[in-house]
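Here the structure comes first, spelled out in structure tokens, and everything after it is commentary.
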Amino acid sequence: KKLLSRGQRLTELLKQNQYAPLPIEEQVVSIYSGVKGYLDTVKVDDIARFEQGLLVAMRGHGAEILSSIRSDKAIKPETEEKLKKFMEHYLQEFA
């Protein structure tokens, strides 16, 4: 049941507006939030709003994280630590 629930949330995350693809580093952050379980407590109907808010927050306060993912073409351990903290903080604000 938990796996099915996470799958539903990931499906919602993967929906992108036509003609408005996200930059790869933003896609990575979105997928990371779903795969690592940060969306498990978010209602499926709120996933799109969560993702929009997360990306706005990342662009504003997590630009260094996005830049790191873009240049490294990976999530290095030090970047992941920052990303985890960012996600936990954003999740608290969202809830």
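Residues take their numbers from the sequence shown, with the count starting at 1. Nothing here was measured: the structure is a model prediction, and the numbers come from that model.
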Under 3.5 Å, sequence neighbours excluded: what are the donor-acceptor pairs made by side chains of residues 88-95?
residue	atom	partner	partner atom	Å
His89	NE2	Glu93	OE2	2.8
Tyr90	OH	Phe50	O	3.1
Tyr90	OH	Leu54	N	3.1

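Listed here is the closest heavy atom pair of Arg6 and Gly37: NH2-CA, 3.3 Å. What you find for Lys2 and Asp40 is that their closest heavy atoms are CE-OD2, 3.9 Å. Shortest non-hydrogen contact noted between Glu26 and Leu66 is CG-CD2, 4.1 Å. Across Tyr38 and Lys84, no two heavy atoms sit closer than the pair OH-CG, 3.5 Å. Shown here for Ile31 and Leu10, the closest heavy-atom pair between the two residues is O-CD2, 4.3 Å. Residue Leu13 comes nearest to Ser30 through the heavy atom pair CD1-O, 3.0 Å, listed as atom of the first residue, atom of the second, then distance.
For the atom pair CG of Leu83 and CD of Glu64, the computed distance is 11.5 Å after rounding to the nearest 0.5 Å. Annotation: the span from Ser68 atom OG to Glu80 atom CD amounts to 12.0 Å, rounded to 0.5 Å. Taking CD of Glu81 as the reference point, atom CD1 of Ile65 lies at 11.0 Å (rounded to 0.5 Å). Remark: Glu51 CD to Leu22 CG distance equals 6.0 Å, nearest 0.5 Å. One finds the OH atom of Tyr32 at 7.0 Å from the CE atom of Met87 (value rounded to the nearest 0.5 Å).
Looking at Thr11, its side chain does come within 3.5 Å of a backbone N or O of Gly7 through a donor-acceptor pair. Remark: side-chain polar atoms of Ser71 are paired, donor with acceptor, to backbone N or O of Ser67 under 3.5 angstrom. For the pair Arg70 (side chain) and Glu25 (backbone), a donor-acceptor distance under 3.5 Å is absent. The closest donor-acceptor contact from the side chain of Glu12 to the backbone of Val44 lies at 3.5 Å or more, if one exists at all.
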